Amino acid sequence: MSRRWIQNPNRCADEYLDGIEDFIEFARRHNPGATRIRCPCRRCNNTLWETSENVGFHLVRNGMIETYSIWNLHGEQVDHALSSNALRVDNVEPIVDPNDQVMDIIQDAFPFASTNINQEGEDDVPTPIDSEEFEQYEKLLKNANQELYPGCESFSLLTAIVELMHGKIKYRMSNLCFDYFLGVFKRMLPTDNCLPKDHKHAQKVLHGLGLGYEKIHPCKNNCILFYKEHETLDTCPICNESRFKMTSQNRTTKIPQKVMRYMPLKPRLQRLYMSTHTATDMRWHKEKRVDDDVMWHPGMERVRSNVPRVCC
């Protein structure tokens with residue numbers, strides 16, 4: 001049985017959902033009579049025991065541990081696992097070029113900009129696009145085509161940063177730790193490399209690619225937000241608490257007591273509908289969901305319908 005589905009980043013794909021069903025059936029078959037099994041999702045890490053239904057939900061929401069391809073904690077024998085592993089090696093899919101993946105991300109993020117570029121010189125009128133947005137697109141495109149160092153064909157500047165930031169988030173690396181390793185990598189590379197020196201500068205390169213957030217200062221006692229009509233105030237009109245911390249008089253930058261990060265919903269919904277990878281899932285509730293008066297995640301609905309409930 002091929003288990004390459006574990007590496008599939010799209011946890012709503014049929015291959016991934018079929019793999020979850022195969023895993024749960026495998027665990028049931030090797031643990032007859034058990035009402036709970038170890039959950040191999042990335043959060044539970046095979047240390048917590050859950051019902052089969054909850055394990056299915058966790059695997060859709062969190063994903064399976066990528067290295068758990070031999071299910072020895074769920075009854076798989078080592079010799080059988082080795083033969084399965086040999087079969088899996090024969091069916092390895094070709095490696096996708098990370099530079100191509102980054103270009104796909106840029107095209108999904110700026111579909112109108114990429115359309116305008118592709119239509120240059122044609123008679124059709126190009127789609128209008130905001131000048132600031134187009135400037136971000138050009139900057140990302142430049143970074144995507146810039147070699148990490150002269151002669152480097154494997155990684156562009158943008159591809160390297162995307163890979164490193166993905167690892168930072170995946171393994172919950174602190175900014176301080178990330179800065180250290182980024183500095184080490186920069187010293188390892190040729191001296192004329194263009195790798196950013198720290199996390200702050202790496203974020204600037206990805207600024208146009210990702211979805212940002214807005215910083216809003218709340219009152220220390222959560223009375224109000226210093227926002228809109230209260231944006232210019234330095235003290236809370238309800239409790240008279242200062243908006244900023246007490247600092248030395250020589251300091252020019254004021255430090256807020258609290259910071260709330262507001263992530264606007266509208267641009268995130270627009271991004272989900274613009275991307276060819278997620279638009280189908282966004283339409284799923286209208287086109288494919290069974291109307292049972294309950295809203296379900298596309299992947300969880302499928303798991304729910306295939307995994308019987310366990311009554312405790």
Side-chain angles (χ1 to χ4, degrees), residues 4-12 16 38-48 57-70 73 95-106 108-109 136 139-140 143-144 146-149 152 154-216 253 255-256 258-264 267-268 271-272 275 277-278:
R4 61 188 180 188
W5 61 270
I6 297 175
Q7 311 292 333
N8 192 335
N10 182 7
R11 298 199 286 271
C12 293
Y16 190 87
R38 290 178 184 268
C39 179
C41 81
R42 294 174 183 172
R43 285 188 178 273
C44 298
N45 199 30
N46 273 325
T47 59
L48 300 181
F57 289 167
H58 284 200
L59 292 178
V60 172
R61 183 179 61 189
N62 305 324
M64 182 179 279
I65 305 169
E66 293 183 357
T67 56
Y68 190 54
S69 56
I70 300 175
L73 296 178
I95 299 175
V96 180
D97 187 350
N99 293 316
D100 292 340
Q101 288 182 321
V102 167
M103 290 303 299
D104 289 340
I105 294 173
I106 295 176
D108 281 338
Q136 289 181 346
K139 188 180 296 184
L140 285 169
N143 291 331
Q146 182 178 358
E147 296 178 340
L148 184 59
Y149 56 86
C152 178
S154 303
F155 287 94
S156 67
L157 169 62
L158 187 60
T159 305
I161 295 175
V162 168
E163 291 277 356
L164 291 170
M165 293 293 279
H166 173 70
K168 176 186 183 300
I169 295 169
K170 182 176 180 180
Y171 297 107
R172 302 177 185 178
M173 191 183 298
S174 68
N175 290 352
L176 192 62
C177 180
F178 185 78
D179 286 349
Y180 171 77
F181 281 108
L182 201 62
V184 172
F185 294 152
K186 190 171 180 64
R187 293 196 302 272
M188 288 180 177
L189 296 173
T191 54
D192 50 355
N193 72 82
C194 54
L195 191 69
K197 62 180 181 179
D198 54 28
H199 177 256
K200 182 178 179 180
H201 287 81
Q203 277 190 319
K204 288 182 178 180
V205 176
L206 298 179
H207 175 71
L209 186 62
L211 293 165
Y213 55 84
E214 182 179 351
K215 291 183 180 180
I216 301 176
T253 305
I255 303 176
K258 281 187 176 181
V259 177
M260 181 187 76
R261 289 166 176 80
Y262 168 61
M263 302 178 185
R268 280 161 174 78
R271 176 68 61 85
L272 288 170
S275 173
H277 302 290
T278 54

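All figures in this text were calculated on a predicted structure; none of them were measured in a lab.
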Holding to side chain to side chain donor-acceptor pair (under 3.5 Å), I want the full list of residues that pass it with [X], two or more places apart in sequence or in another chain.
X	answer
Asn8	Glu15
Lys204	none
Tyr16	none
Glu214	none

So which atom in [X] and which in [Y] form the shortest heavy-atom distance, rounded to 0.1 Å?
X	Y	answer
Val205	Pro196	CG2-CG, 4.5 Å
Arg38	Thr47	NH1-CA, 4.5 Å
Cys41	Cys44	SG-N, 3.2 Å
Ala202	Met165	CB-SD, 4.4 Å
Ile6	Ser69	CD1-CA, 4.1 Å
Glu147	Cys152	CG-O, 3.4 Å

Pairwise salt bridge (Lys or Arg N to Asp or Glu O under 4.0 Å) hits with a residue in residues 167-189, at least two apart |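 Pairs touching residues 167-189 that pass the test: Glu66-Lys170.
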Return the set of residues passing side chain to side chain contact (heavy atoms under 4.5 Å, CB included) with Leu189 (not counting sequence neighbours), or none when no residue passes.
->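 Per chain and number, Leu189 pairs via side chain to side chain contact (heavy atoms under 4.5 Å, CB included) with Leu148, Tyr149, Asn193, Leu195.
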To the nearest 0.5 Å, how far apart are [atom1] in [X] and [atom2] in [Y]?
X	Y	atom1	atom2	result
His199	Ser174	NE2	OG	10.0 Å
Arg42	Asn62	CZ	CG	8.5 Å
Glu163	Leu158	CD	CG	10.5 Å
Arg261	Tyr213	CZ	OH	4.5 Å
Phe57	Leu59	CZ	CG	11.5 Å
Leu164	Leu182	CG	CG	6.5 Å

Residue Leu176 excluded, over 12 heavy atoms near CG under 6.0 Å =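 Count not over threshold, so no.
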